[in-house]
Every structure is written in structure tokens, then in C-alpha cells.
Amino acid sequence: MLDIKFIRENSELVKAGLASKNEFNKVDELLDIDKKRRELITKTEELKSRKNKVSADIAKIKREGGNVEELMSESRKIADDTKSLDDELKELQNNLDTILAWLPNLPHQSVPIGKSAEDNVESRRWLPDGFKFENDFKPLDHVELGKKLKILDFERGAKISGSGFPVYVGKGAALERALINFMLNYHIENHGYTEIMPPFLVNRESMKGTGQLPKMAEDMYTCEKDDLFPIPTAEVPITNLHRDEVLSEKELPIYYVGYSACFRREAGSYGKDSKGFLRVHQFNKVEMVKFVKPETSYDELEKLVVNAEAILKELKVPYRILLLCTGDLSFSAAKCYDIETWSPAENKWLEASSCSNFESFQARRANIKFRNDDKKLEFVHTLNGSGLATSRLMVSILENYQTPEGKIIVPKALQRYTGFEIID
RNA sequence: GGAAAGGUGGCAGAGUGGUUGAAUGCGGCGGUCUCGAAAACCGUUGUUCCGGAUUCCGGAACCGGGGGUUCGAAUCCCCCCCUUUCCGCCA
């Protein structure tokens, strides 16, 4: 959520920011409502102030045994007048809140202006020693490998749940489990994160807190009877851990890492890149979440990306880092880096991580504050990044580590977790 | 699913219609004492919004949420939500 005061005082800046995010501009309507709202507040509060005085007088005069009839009827009249104004005010407030809830975050100045993913800027790439984009043999894709080695079963997944619900079998399951454990341990041991194992269902407030609701309602699964939502990312429960809390300055920054299954409806995206793991309704992800002081959040973002990269370097998976342009930035993010890993069979880069700074956008929605040096309450900045999502990463691992015979060498970093070195 | 209890300030915990934004304790902050610290003592200490002023002043609202009664509600009534405990069921 953006601060209404900030919008009021920087309306041109806000308009420009929203436009760069391809966002329909409701700023003028918002400011108009805000103006009416404030006028009405002034009006009703004057009435209420008078009423409070009258009530106090009534109490006093009554104690002294005087007549209060006249005052009581005045108070009654004020109460009547206030009622309709209060209703009007409530409606304005609701309209204001609704617009604010739908308004995305503004891009940071350092974010390149652009319309779509094509305008994203590659900031760096890393390739393992001896890596070549051209293979000496024709690589099998991950679906073919999964089938041949009997480690992935997309067909039976479709039978028991629907398309986009992969089943991991045997060494495939073990590899998946190894990958999750490796990533968690790596962040805990080397990057100072505290592990969180969160609930996979959250309530409506949590979904609003991180910005999934109201805008992305179509993208998520729902449990209507209980008004709960299967999480699309562990970002939701972990960030909401501190919803409605005042954190002490001493405990910042807070670093959490957690594994969760992630559930996404992916409504409307059928047909495009939907083969195998490329687009699924359920996948596994290790997520890093940070709560930090505002002045440090952009340094923390860079560190977050480095933390995610470290995993890929350990796994020796080729990747590149993109700085997303304004038009490709998600609803809540002020700045975001995507990490893409290389798929030799698809012959393209696949998004395996997204690392974002939300500044105070989520903190304002979720009401997460800390007391600053001046003893004043201030919203924290929140960040999160995948560290990483296993599904797309698994594509890159399987395809990059395949032998000409169609076997898979287990990456060295994972071998102590799998207990085997080869899948054949 | 059944039954009971309860939701009050950073925390603990009083408060059943009229200076109660709320006793008391803890914590926090400032001070006295001290070489320093602890202890002790004194003082201070909520949030949000509106209006005006560059440390502030005035006003409004807030005791789980929403309605209602009343001149006046933390306090009375109704609805909802949540938590805890017990029973049942169950991995």
C-alpha cells in the first residue's frame, strides 16, 4: 500500500511511477475522494467535540442537582446530525481504501523503464568451467529424461490431481528432497538465516498483507468453507509472521528461510511454456524473507541475490541475472532481480528465482513497524527471494547433468544428501 | 463436532454507565546517587487520523471486529471472529 499522504504531496511522481508500470491511473479520483474525506472529518469532529462538552456538562450539572433537559436535547440533535455525516464518511473511507488496496507499488529510481519482459536488463551471468551452449550430443529434455529414468511421472500426476501436478518417483523424489535440504542448510549455515517451517494455508488477512489480495485473486486456490488460501509462496506466511507487530530495532535485520510447497492456479496461462515442469500448479520452493531498516534495504537486496546465486554456483548450474524493467515488475515490488537458469533442451533461460525489495509497501499493508533512533514508529522494509524454486531448477539440473547415454550425474553438492551419485 | 472460560496499553493485570486513555506491577526513557554499573529513589512513557505550527498546540477516534441502547459505553444488549481448556474424532 502506498501512503495516502505521500500520494497527496507527490501526485505527479506517483502518476509517472504508475504509468511506467502500465498501471491505469486513479490518482486524481483518489485525491478527490481524499479531499472530500478530510473536509468531512473536520466537520464531524467539530460536532463531536461539542457533543463531548455537552455530555461532560450534563454529568456535572446532574451531580449538582441542576436541570439538564435542554442540554440533553441539544446532545440528541448533534447525535442525529453526526450519524448521516458518519455514514457518508465511512463510504468515502471505503472507496479510498479500495483504491489504495488495488494500487501497486512504485518502481525505485534505479529500475529501468520498459514495457515488458523484453526490456529487462541482464546485469550479469555465470557459467560453470567448461560450459558450452552448444552440446556435443542432442540433449533430451527433462520430460523425456524423467520418463526414461522413471523419476518423474507427469501422466499419473494428471490422473490423480490434474495437469501441472508432477509426481516425483524413486531417485527423482530423493533428488528433489536433497535439493531442498541442501538449499535450506546452505542458507542457514552460510548466510545467517533462521529456518521457518510455515503453514501452507493462510487466512485472508495474510494474503492482503503481502499483496496477493485483492488483485491476484484469480491466481490462487481457495478453501471457501474456511476462507483459507493455499499459499502461492512461503513469502506469505513468513512475512505475515510479524503482521501487526512492533519489532525492536535491535532485532533488525531479521533473516528467515523456509521451505514450502507452492500452489498456483496459473489461470489463463495454458499452452505457453506449459510442458512438464515449465508451468505447474504445485511446486517446491525455498524462500528467503528479510525484515530490515529502510536505509539498508537496497544493500540487503543485493545480498539477497548473492545468497541465491551461491546455491547455483555450488550446483554448477549456468545462470544469468536480470534486472526487471518497470513494466515487468510485480504488483508489490519496488525493484526485482530474476535469476534464470539455462535449459539446453529448451535452448533458453528459465526463471528460477525472483528477488525483490518491497520497501514499506507490504509493511504498510501488514502493519509491521519498528521503533527508530528517534523513538518514533516506522514501517520496516521487507524483501524476499527464492533460494530457489526447485521445479525450474530441476529442469536445468537434469538437462545439464545428463550424459550422452541419458543418465544423470548427481551434482557434487547434492551427493551427500542423496546418497547416490548417478541416476540410471 | 460438543462444552466451558476468555479477548483491555510493549508485557502482566485491575476496572460493570459520567474528567477512565484507562489503577497497579514489569519493561522502556530521563534524572539523583556512583569512578562506573547494579540496587534504591524521583519523574516520564500508547496508537491512528484531522487542523494549524519546523522539538509543539488544538480536536477526534481507538479496551478483538461490527451493529444497537443512552445525553453519555471498556462497562448494558445483539451478531461475528479469534484464543485457551476439557470431551469426542484423528495423522
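Because the structure is a prediction, the values reported are computed rather than measured.
Under 4.0 angstrom from either OP1 or OP2 of B:rC50 there lies at least one side-chain N or O belonging to A:R37. The phosphate of B:rA60 has OP1 or OP2 within less than 4.0 Å of a side-chain N or O from A:S49. Close to B:rU19, at under 4.0 Å from its OP1 or OP2, lies no side-chain N or O of A:N52. A:R38 has a side-chain polar atom (N or O) that falls below the 4.0 Å cut-off from OP1 or OP2 of B:rG51. For A:K62, no side-chain nitrogen or oxygen approaches OP1 or OP2 of B:rG17 to under 4.0 Å. Under 4.0 angstrom from either OP1 or OP2 of B:rG67 there lies at least one side-chain N or O belonging to A:K90.
Rounded to a whole Å, the CD atom of A:E45 is 13 Å from the P atom of B:rG52. Nucleotide B:rG66 holds its P atom 12 Å from the CD atom of A:Q93, rounded to whole Å. Spacing between atom CG of A:L100 and atom C1' of B:rC49 amounts to 14 Å, rounded to whole angstrom units. Atom CG of A:D244 is separated from atom C1' of B:rU48 by 13 Å (rounded to the nearest Å). Atom-to-atom, CZ of A:R243 to P of B:rC82 comes out at 13 Å; the value is rounded to the nearest Å. Residue A:I61 contributes atom CD1, which lies 13 Å from atom C1' of B:rG18 at whole-angstrom precision. Distance CG (A:L377) to C1' (B:rG9): 13 Å, rounded to an integer number of Å. The distance between atom CZ of A:R76 and atom P of B:rU69, rounded to the nearest whole Å, is 13 Å.
Residues A:V257 and A:V286 come closest through the heavy atom pair CG2-CG1, 3.5 Å.
For A:K147 and A:E144, the salt-bridge test fails: no basic side-chain N is under 4.0 Å from an acidic carboxylate O. Here A:K35 pairs with A:E39 in a salt bridge; the nearest charged N to carboxylate O distance falls below 4.0 Å. Taking the charged nitrogens against the carboxylate oxygens, A:D86 and A:K48 do have a contact shorter than 4.0 Å, which makes a salt bridge.
Contact annotation for A:R8: backbone-only contact, meaning every heavy-atom pair under 4.0 Å involves sugar-phosphate atoms and none involves a base. Looking at heavy-atom distances under 4.0 Å, A:K83 makes contact with sugar-phosphate atoms alone, never a base. Using a 4.0 Å heavy-atom distance criterion, A:K369 is classed as a sugar-phosphate-only contact. Note on A:K5: only backbone sugar-phosphate atoms sit closer than 4.0 angstrom, heavy atoms only; bases stay farther off. Within the 4.0 angstrom heavy-atom criterion, no nucleotide atom of any strand lies near A:I78. Here A:I41 lies in heavy-atom contact (under 4.0 Å) with sugar-phosphate atoms only.
Comparing B:rU8 with B:rA23, their C1' atoms are spaced 12 Å from each other, to the whole Å. When the P atom is compared between B:rG6 and B:rG43, the two are found 36 Å apart, to the nearest whole Å. B:rG66 and B:rU24 have their C1' atoms separated by 32 Å, given to the nearest Å. Separation of the P atoms belonging to B:rA14 and B:rC56 is 35 Å when rounded to the nearest angstrom. Atom name P, nucleotides B:rA4 and B:rA40: the rounded distance is 46 Å, in whole Å. A gap of 23 Å separates the P atoms of B:rU34 and B:rG27, to the nearest Å. For B:rG31 and B:rU85, the P atoms lie 45 Å apart once the distance is rounded to whole Å. Rounded to whole Å, the separation between the C1' atoms of B:rG25 and B:rU48 comes to 27 Å.
Remark: A:L213 CG to A:R204 CZ distance equals 6.0 Å, nearest 0.5 Å.
A:T44 places a side-chain N or O within donor-acceptor distance of the main-chain N or O of A:I41, the cut-off being under 3.5 Å. Remark: side-chain polar atoms of A:N95 are not paired, donor with acceptor, to backbone N or O of A:L92 under 3.5 angstrom. Checking side-chain atoms of A:S386 against main-chain N and O of A:S354 turns up a donor-acceptor pair under 3.5 Å.
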Let me see the working for A:F283 and A:F277 under ring-ring contact (aromatic ring centres under 6.0 Å, His included), right down to the final yes or no.
-> CA-CA 9 Å; A:F283 60 94; A:F277 274 138; 9.8 Å; no

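Along RNA chain B, the nucleotide nearest A:K48 and the nucleotide nearest A:A59 are compared for position; the residue whose nucleotide lies closer to the 5' end is A:A59.
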Dot-bracket for RNA chain B, please, read 5' to 3', with Watson-Crick or G-U wobble pairs under 3.5 Å on both distances, ( ) within the strand, [ ] crossing, | other strand, . unpaired.
-> ((((((((.[[[..)..(.....]]]((((((.......))))))(((((((...))))))).[[[[[..)....]]]]])))))))....

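Side-chain atoms of A:T42 lie closest to B:rC50 of the nucleotides B:rU48, B:rG72, B:rC50. Candidate nucleotides B:rU47, B:rC49, B:rG72 were compared by shortest atom distance to the side chain of A:A79, and B:rG72 ranks first.
Seen from the ring of A:F420, A:K171 counts as a face-on cation partner, given the 6.0 Å and 45° thresholds.
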